[in-house]
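Worksheet for the structure shown next.
Note that the structure is a prediction, hence the values are computed from the model and not measured.
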Amino acid sequence: MNSRDNAGFDDKRLVYVYSFLVKSLKIKNDVIDTMMRNRDYQALVMDFLTMPDRNSIFFALNSAGLLTPMYDDFPDGYKSKVSYIIRLQPIEVTHDNCDSILLCGEVSLNPFEDLKAITENVLLNLFSTKENFFKNCSDDIIVEVQDRFNDFLTNINNMSGQMKNRSILTLPYGYDNITNALKTTEMSDGKIIDDVLKQRLENKVYTWFKEMKIMVTLKPEVILEKDPAASPSQYLAFWKNREQQFIHFHEQIDKQIGHFLTITKSPCMDIYKQIIETTVTEKQEMNLINMFLSTLTKHINTIERVGLVESKEDICILWRKLALIWINCPNFQNYNYIIVLIKVLCNMVMAESSRYLEPTALFQGELAENLTKIYDILDILSYFKNQFKVTQTEYFQEQFDKFILTNSVPRNYKPRYWKFHINDLFQNLDAFEDRLNCIKSMIIKFIDYQKLEKVEVGGLMGCWYSPMIENVYLRFTKYMEKLVSIAYDPLDLLSDVNNALFVEDYNFYLNMSEDIDNRLATVSKACFENIEETMSFHKFLMIFGSAVLNRPIVAAVVEKYYEKVLDLLDQDLAREFKIIDRLSGTAMATEIEKSDHYEMRFIPEEMDLEYPLVARAMIWGNSRINNRLLEDLNTIRSFYLPILKTPRGDKINIKIEQLKDKFKNYLNPLFEEWKGVVPLQIQEKIEQPLFTINKNNTINLNFSKELDAAIKVTRYIIHCNYNFKDPISTIGIDDIPYDAIKLCKREKLILTYKRDIEEIVKWYNMLRTETHPTELQLIIQEIENIDSLIDDAQKYVTWNSEDIVYLSENDLNGETQNYKNKLPISLQNTISTIHSLTENVYERVMQTHENFQKIITLSSQWTNKPMYVRDKNTRRIIFGNKLTEKKIGRYAEVRDASTKIQQLLMEDLLLFHNVPLFDPNLSKFTSTHLSLKYLCHQLSLFLNRYTYIKLCFINNVPSRDASK
């Protein structure tokens, strides 16, 4: 929008403002139009023009390039050009007076330098000659005015120097004439003196002396006064700036001033010399201090970059370097210096701790992870303060000489010992640690309260106490929602607002925690009253935990019930002693006691007898005594309950040791007996054949129970040694006989062999007992081949035969050529050969049975399917023209069924003669097919005989059909 087309430009005041802003800020009218479209900005501009109490208004371009008006507040930290309009009189701006009542200008980017330049120009030009000032004024007035302007310039230089961290000395007015004044005074032997210049130089020396005194008295304490959270980098910067100030101060003092004061015999000459000496001395001292302090920079930067947790070593080195600096730098041996340095180091520790902990997120996410972080920081804080004590103890006064550097600064005295009090150093750090401990205690309780979500009180009392726990958990979750969304920093101890907010939340937490503990004490009391067995108490402890039970409110309520726990332990121990006595035969029970848990029964039931005696005893001992009784007791011990520290608790511990000894005395004889018998059993039973042949020509698996028991016992002993943390039995792997370990190593192979033999037994017995005599006659030759292999296996193969695996046909040929060398028989190949032959016959016979069922289904499909159906209404059979169609359809179905039956019969013929199904769609038998059947039958006989002869060669057994 063009400003000239705007109706608002009938107002000459706005025209005046527009024209000034365009010239000052070098902007287009569109930028100003955009500002005026904003109602708030337009109201600011119009209020300034119409309201007399508005003294000034500023205009500046923001980062987005938009023009922004501001009222009386001077813009702070601006980076772009700022223009201003000032009202000279408190009256309304009108069309007529806008030119005279408004003053426009631009805010200086460096006002001190501009003010300094103006003042220097006034002194240089306005007072250079008397004609430039009031002609009727005396010289004293002119000198006074010149001195006043020079003092004003001095103040400007001082403020500018403070901003630049350096001292800027202002030379007196007329100092340019000092060279001529020196020549005049020297030529006249001190009789002609410029008294005005002398007085000005003396006044300036006094002023410089005062400034120097201020610089000398400036101590590091000002760092903490300006910023209580100052960092070590600010402390090091203070000493560097201090050195630079003295360097600049010394460089600005002209030697001609001292020469002039000496010639004129000024009384300020001593002060001038003192300024020079003090400046040089301070400069040297600051340089030495900075040289020593620079050794700390590396470690401070490492801590700030890496973090506290990863820089413990740097903390240790930092303390020792502080001691070395104290010993070897005499200029730094001031208690205030070292105290301030330690305090800023504490500030660094607190700042890095806050950065590591993320204070606003301490109650967010996983509380356990945040608690781990707090423990890490508390450990670092303790380590930090402990290293100070260690360092303070190591560097005794009599040991100082040992730690003096070889090129240290010479001195005539020994350094002082660190006698300052620890509270002066770590007051803020201790407060920070106390705040962390408060937050730690809150998080610990919050973690315990989170478990209430999964707590459910059983039994009848659950009707009363479960809703109570739900209400407690609901109140806790609402409080956690508030803490999760906090916006303040709970670790900021320097902010009164943050401290007040945290104290408010912490007091609410204390009240809430007390109420929850009272409710939990009520629930704990009810649970103790209803506990009837040790396992229930174990579960109760695992849910509530010692943190809840050891709280003062809860402990005061449940302490009197701890005696009941000892009663439960006594009952369990008495039952276990009774079981051990019965098993060992030292005592007899009049009746059989049973329990829902089989391992707690006095007499083993049938399911227990499936395990061998030694394994059964170890299972009972580990499951009942170790995994239940001792685990319950260890849980109670882990919670450090006071009940176990009583004399009665000591008696229970003694009984437990006695129970362990009794169990070992019962188990060890059983194991020793098994250890002596099992090698003989293995050596005897391992030589048995694979099968047992019955009188009705059926077969069974022949794997003795003794071998199976030896494998189970060995496996369980190994299992106990590797999987139980603290097995109750002391039987080790080295105690197992070698034969048992050797047999156990073959366990996987034996299981595979047993599975294959069980399948062979199943298939073979089915072929022998469940096949029709006609079917048996068709496969009798293959059955006889299998019988021949089984007979040979019975004679020459045992469970101790070698497990040889043939990877290729070449291995088999090589074994056949070495037939006369009597190679060991292959157990694996024997079983696999019998398995494959039996499986082949079994699957073919089962397929013929399935085909027979299909034939029955095809031939009987019309039994309940009539050809003619009576009409539902007339109950008559009406043939009409449909009779022929029905006959044709039924004949077609019969022909299709006949074709399928012939195909199934053909398939059965091929299956019985072990011939592949070349063409399953054949519908008729021809001479070609019969000859094909005959050839296939002959081929089957040949293959069976070849397989038999091949197996005989493999197993090194003479074959009855070798001649064929």
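Comment: Glu282 engages Arg242 in a salt bridge, judged by a side-chain N to carboxylate O separation of less than 4.0 angstrom. A salt bridge does not link Glu481 with Lys478: every distance from a Lys NZ or Arg NE/NH1/NH2 to an Asp or Glu carboxylate oxygen is 4.0 Å or more.
For the atom pair OG1 (Thr34) and CG (Asn29), the distance works out to 10.5 Å, reported to the nearest 0.5 Å. Annotation: the span from Thr68 atom OG1 to Tyr41 atom OH amounts to 4.0 Å, rounded to 0.5 Å. Note that OH of Tyr506 and CG of Asn511 are 11.0 Å apart. Values are rounded to the nearest 0.5 Å.
In this structure, the side chain of Ser19 engages the main chain of Tyr16 through a donor-acceptor pair within 3.5 Å. No side-chain donor-acceptor contact under 3.5 Å links Asn347 to the backbone of Ser231. A distance-only check finds a donor-acceptor pair linking the side chain of Tyr479 to the backbone of Asp505 [under 3.5 Å]. Between the side chain of Asn287 and the backbone N or O of Glu243 there is no donor-acceptor pair closer than 3.5 Å. Judged by distance alone, the side chain of Ser24 and the main-chain N or O of Leu21 form no donor-acceptor pair under 3.5 Å. Although no hydrogens or angles enter the test, the distance criterion places a donor-acceptor pair under 3.5 Å between the side chain of Thr50 and the main chain of Met46.
In this structure the side chain of Leu218 reaches within 4.5 angstrom of the side chain of Phe238, judged on heavy atoms. Residues Asn428 and Leu494 are not in side-chain contact: their nearest non-hydrogen atoms beyond the backbone lie 4.5 Å or more apart. A 4.5 Å side-chain heavy-atom check between Phe48 and Leu102 finds at least one atom pair inside the cut-off. No side-chain heavy atom of Leu345 sits under 4.5 Å from any side-chain heavy atom of Leu296. Taking 4.5 Å as the limit, every side-chain heavy atom of Leu61 sits out of range of all side-chain heavy atoms of Lys81. At a threshold of 4.5 Å between non-hydrogen side-chain atoms, the residues Leu491 and Ile439 count as touching. Residues Glu433 and Leu429 have side chains not in contact (no heavy-atom distance under 4.5 Å, counting atoms from C-beta outward). The closest side-chain heavy-atom distance from Phe426 to Ile342 is below 4.5 Å.
Residue Gln427 qualifies as open at atom CD: its count of foreign heavy atoms under 6.0 Å is 12 or below. Shown here is Lys240, whose NZ atom has no more than 12 heavy atoms of other residues, nucleotides or ligands within 6.0 Å. In the displayed structure, Lys219 atom NZ is contacted under 6.0 Å by more than 12 heavy atoms of other residues, nucleotides or ligands. Within 6.0 Å of the NZ atom in Lys482, the count of heavy atoms belonging to other residues, nucleotides or ligands exceeds 12. Remark: Gln364 CD is packed, more than 12 non-hydrogen atoms of other residues, nucleotides or ligands lying under 6.0 Å away.
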Verdict with supporting geometry, Glu352 and Arg355, side chain to side chain contact (heavy atoms under 4.5 Å, CB included): CA-CA 5 Å; Glu352 292 302 316; Arg355 185 165 66 92; 2.3 Å; yes
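When all heavy atoms are compared, the tightest approach of Leu308 to Ser353 is CD1-OG, 3.2 Å. Summarising the geometry of Asn38 relative to Asp40, their closest heavy-atom pair is OD1-N, 3.0 Å, with the distance given to 0.1 Å. Nearest approach of Ile303 to Leu318, heavy atoms of both residues: CD1-CD2, 4.3 Å. When all heavy atoms of Arg87 and Val93 are compared, the pair lying nearest together is NH1-CG2, 3.3 Å. The heavy-atom pair separating Phe246 from Val216 by the smallest distance is CZ-CG2, 4.0 Å. Residues Pro490 and Arg435 share a closest heavy-atom pair of O-NH1, 2.5 Å.
Using bins of under 30°, 30° to 60° and over 60° for the plane-to-plane angle, the ring pair Phe332/Tyr337 lands in the tilted bin. Aromatic ring pairs are classed by plane angle as parallel below 30°, tilted from 30° to 60° and perpendicular above 60°; the pair Tyr235 and Trp239 is perpendicular.
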